[in-house]
Amino acid sequence: MCGIVGCNFYSQNFYKSIELLSHRGPDNLGYYEYHNNYFGHTRLSIIDLNDEANQPMVFDDIIITFNGEIYNYKKLIKEESLSCITKSDTEVIIRLYQKYDISFLNLLEGMFSFCIYDKRKKRYFAARDKFGEKPFYYYFKNNKFIYASEIKSILKLLDYKPEVNKEALYEYMSYNTPINGNTFYKDIFKLDSSSYLLLEEDLKIQQYFSLENIETCFYDEKTILNDLENLLFSSIEKRLVSDVNVGTFLSGGIDSSFISSIYTRITNNKINTFSLGFKEFNEYNELPYAKQVSNYINSNHNEILVSRNDFIENIDNMLLYTDEPFADTASIPTFILSNFVRKQGIKAVLSGEGGDECFLGYGLYKKALQYPTISELGDWNLTKEWEYNNRALNHQRVYQSYGECFTEYQKKELFKTYKIKNRLKEYENSYEDIKWMSYIDFRIWISDVLMTKVDRMSMANSLEVRAPFLDSNLVEYLFKVDSKIKNGEYSKYLLKQISQKYLPKDIVFREKKGFSSPFIEWVLDFYKNKCLDIILETNASLNLFNEDFIKFLFNEAKNKRFKQHFWNLFIFAKWFKENY
C-alpha cells in the first residue's frame, strides 16, 4: 500500500508533492525522472519487504508507480508464464502490460491504482480497481498532466488554486461526496472505479469492467450456499497473503465477525482483533458483541473508547486527509481506530465493507420495495417518505444509494438557485429493483463513500485495510443469484445461512445496528451556536444557501432530526473556511 504521484512537466515542488504522501508509505520514498516526466512513490511494505520492490519501478521501457495489492500475483506468474526478477506484485503488472498492452486489467484480483509510462510509445496508462478501493486523482489542462493518490499532491504542483466546483457541491449534498468523477476543485477529477486512463495526444477514459449487464443464472439455493461458502473462504484466504501480521476490525456485526471467525479457522492462529466504542451515549456501543465474538474465536482482542473531545479534535484530521468535504460520519471513528491499530504494530487488517451491499443487509432495501404506500400525494414536504412515494408514483427509482442525504427537492429549499437534475442518469440500467439496489450502491456508496473513508482514514495512519466481501469473483457470483433467493426471508439471508456454522446464533440473528456515533450530539455540545455561525459565515462569502433553511436544519438537528443534512453543511462550511 502506497502513495503515488507524477507529472509531465518540471516543478520545483515535485519532491514536496511526494513528501505530502509520506503517511501512505513511511517505509520508502522514491523518485524518478525521464525526459521531463516525473514519478514519485511512498511505500508501505506489506508484500516483499526487500528494497527490490521499491518504486518507481523501471524495467526495459516501462516506468510504473503502483498503489495497492494484487492478491493473485503468484498465480499470474505461473499461469501467464511471466519472467519476473523481483518477488513483488508490482513487477507482475509490468510483465502483463508487456505481454498484453492495456488489455490485462480483468486478470488482476486485488485493490489497486497505478500509472505506467511507456517510454517507447510516449504514453501514460493508468487504472483503478473494480470497486474503487484505491484512489486515483488527475489533472489535465493545457497539456499539463498530473496524477496522484491524493488531491493535496496535485494542488502542490499547480501554480494556482482551482475554483470550487459547484457541481461537486450539489452531488455532495445528496451523496456525502462528489460523484461522476468530480471533486470540489475545478479541473481536478477522480478516475472512476473499474476504469482506465490513456494519455497520448489526447486523454481517453474507458471502463474495463461493469456490473451492469450480469444475467441471473443461479436458482438452486443449496448449490448457491455451497458455492458462496467456498468463494468466501477463498476471498479471505487471498487477503491473508502478506509478509506482515494481519489483524481484523471487529465491530460485533455479522460481517466482521464472520471474517474474523473464518480467518481464525484458515490459519488456526490466535488473531488480533480491534474494536471501537464510545465513552458516552451507550446506545451507540457494540463492544459487548465484539467481545462475545472475540471470546468465541479466542482472539487477542483490543478495545478503544472514544470521547467527545477525541471526536471533535479529529474533525480537522479527517478533512486534512480527504482534501475536500466528505460527510461519512464514520470517517472520524475509523481514523481513531486506525491510529490505535497502527500503534499496536499492525500494518494490515481485514474489514467487513461490502457485506451489506453483497447480501442485502440494509433495512432500507426492504423498505424501498414497499413504495408507493399511498395512491396520491398531498402538498410537497421535506420527508424522505414523501420523496419515496413521489418517486414511485412517477415511475422513478425509489432507492438512490444507501447514503442519500438531501433529495433534489430538499436541495431546492437549500440553494437560492437550483435546477432539479437526474444525477443518476448515467448509472441507469434495466435491473429490477432488488438487483438495482446492490448495483447503485456498488457504483456510488462503496466506490465513492465507503472506500474513500476506509482508504483515507487508514492510510493517514499507514495502515492497509483489505475487504474480503469486495472480491470480484464473489460479487459477480452474487449478481447472478436469483433476487428472490438473495432477498430471502430476512436481511442477509444467504450470509446468515452460512454464518450459523461459524458463529453463535445470537450474533448471526441479532438485530442489525449498523455503525453509528453520537456525532451530532457531540458537535452541538462542543460548538453550540458556533457551528451555525460557521455555516452562515461561509454563506456570506458564497451567497448560495437560503439562511432560513439553514436555521431550520440547525433547530431540527437539536432534536436529532435531519442530523446528516446539518452535518453535511457544517463539514462543507468548515472546509471552505479553512481553504478559501
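Values in this document were obtained by computation on a predicted structure and should not be read as measured data.
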Query raised in the report: Any sub-3.5 Å donor-acceptor pair from Lys161's side-chain atoms to Asn579's backbone N or O?
Result: yes
Query raised in the report: What class does the angle between the rings of Tyr147 and Phe145 fall in, given that below 30° is parallel, 30 to 60° is tilted and above 60° is perpendicular?
Result: tilted
Query raised in the report: Judged by atom type as modelled, is there a donor-acceptor pair below 3.5 Å linking the side chain of Arg239 to the main-chain atoms of Arg466?
Result: no
Query raised in the report: Without hydrogens or angle criteria, can the side chains of Ser438 and Asp441 be said to hold a donor-acceptor pair below 3.5 Å?
Result: no
Query raised in the report: Does the side chain of Glu578 come within less than 4.5 Å of Asp316's, by heavy atoms?
Result: yes
Query raised in the report: So does Asp323 pair up with Lys152, basic N to acidic O under 4.0 Å?
Result: yes
Requested in this report: Please answer whether the main-chain N or O of Glu547 pairs with a side-chain N or O of Asn539 as donor and acceptor at a distance below 3.5 Å.
Outcome: no
Report task. Check whether the side chains of Asp328 and Asn176 place a donor and an acceptor atom closer than 3.5 Å, and report yes or no. Result -> no
Query - Under 3.5 Å side-chain donor-acceptor pair for Asn555 and Lys551 - result: no
Query raised in the report: Is Arg391 paired with Glu387 through a side-chain N to carboxylate O contact shorter than 4.0 Å?
Result: yes
Report task. Indicate yes or no: at least one non-hydrogen side-chain atom of Ile146 is less than 4.5 angstrom from one of Phe9. Result -> yes
Query raised in the report: Side chains of Asn529 and Tyr527: donor-acceptor distance under 3.5 Å anywhere?
Result: no
Report task. Run the ring-centre check on Tyr175 versus Trp445 and record whether the distance is less than 6.0 Å. Result -> no
Report task. Under the ring-ring contact (aromatic ring centres under 6.0 Å, His included) rule, what do Phe566 and Phe554 come out as? Steps first, then yes or no, please. Result -> CA-CA 6 Å; Phe566 186 75; Phe554 176 61; 5.5 Å; yes
Query raised in the report: With a cut-off of under 6.0 Å to the ring centre and 45° to the axis, is Lys411 in cation-pi contact with Tyr418?
Result: no
Query raised in the report: Would Arg24 and Asp455 pass as an ion pair if we require N to O under 4.0 Å?
Result: yes
**Report entry** Exercise: identify the closest heavy-atom pair between Ser401 and Ile444
**Finding:** OG-CG2, 3.9 Å
Query raised in the report: Got a donor-acceptor contact below 3.5 angstrom from the Asn67 side chain to the Cys2 backbone?
Result: yes
Query raised in the report: Any side-chain heavy atom of Val164 within less than 4.5 Å of one from Trp575?
Result: yes
Query raised in the report: Less than 4.0 Å between a side-chain N and a carboxylate O, is that true for Arg308 and Glu521?
Result: no
Report summary line: Residues Leu21 and Ser153: closest non-hydrogen pair is CG-OG, 3.3 Å
Report task. Please check if the distance between the ring centroids of Tyr117 and Tyr124 is under 6.0 Å. Result -> yes
Requested in this report: For residues Ser88 and Met57, report the shortest heavy-atom separation together with the two atoms involved.
Outcome: OG-CE, 3.5 Å
Query raised in the report: Hey, does the side chain of Arg342 reach the backbone of Ser462 with a donor-acceptor pair shorter than 3.5 angstrom?
Result: yes
Query raised in the report: Taking the six-membered ring where the residue is Trp, are the ring centres of Phe136 and Phe114 under 6.0 Å apart?
Result: no
Query - Proximity of Phe278 and Phe311 rings by center, below 6.0 Å - result: no
Query raised in the report: Is the shortest heavy-atom distance from the side chain of Val454 to the side chain of Phe249 under 4.5 Å?
Result: no
Query - Carboxylate-amine/guanidinium proximity below 4.0 Å for Lys384 and Glu404 - result: no
Requested in this report: Keeping the roles fixed (side chain from Asp129, backbone from Lys134), state whether a donor-acceptor pair exists under 3.5 Å.
Outcome: yes
Query raised in the report: For Phe59 and Glu91, what are the C-alpha separation, side-chain angles and deciding distance, and is it a side chain to side chain contact (heavy atoms under 4.5 Å, CB included)?
Result: CA-CA 8 Å; Phe59 279 108; Glu91 187 184 351; 3.7 Å; yes
Query raised in the report: Pick one: which of Pro56, Ser113, Ser149 meets side chain to side chain contact (heavy atoms under 4.5 Å, CB included) with Thr65?
Result: Pro56
Query raised in the report: Hey, which of Tyr439, Trp436, Tyr399 is the one that makes ring pair (Phe, Tyr, Trp, His ring centres under 6.0 Å) with Tyr431?
Result: Tyr439
Requested in this report: Using only heavy-atom distances, determine whether the side chains of Asn180 and Arg423 contain a donor-acceptor pair under 3.5 Å.
Outcome: no
Requested in this report: Go through the side-chain N and O atoms of Tyr427 and Glu212 and say whether any donor and acceptor fall under 3.5 Å apart.
Outcome: no
Query raised in the report: Between Asn314 (side chain) and Pro333 (backbone), is there a donor-acceptor pair under 3.5 Å?
Result: no
Report task. Establish, yes or no, whether the cationic atom of Lys119 lies under 6.0 Å from the six-membered ring centre of Tyr34 and within 45° of the ring axis. Result -> yes
Donor-acceptor list for residues 101-108 side chains, cut-off 3.5 Å, not counting sequence neighbours:
from	atom 1	to	atom 2	distance (Å)
Asp101	OD1	Lys121	NZ	2.8
Asp101	OD1	Arg123	NH2	2.5
Asp101	OD2	Arg123	NH2	2.9
Ser103	OG	Tyr100	O	2.9
Asn106	ND2	Tyr208	O	3.1

**Report entry** Pairing of Glu171 and Lys421 as salt bridge, 4.0 angstrom limit
**Finding:** no
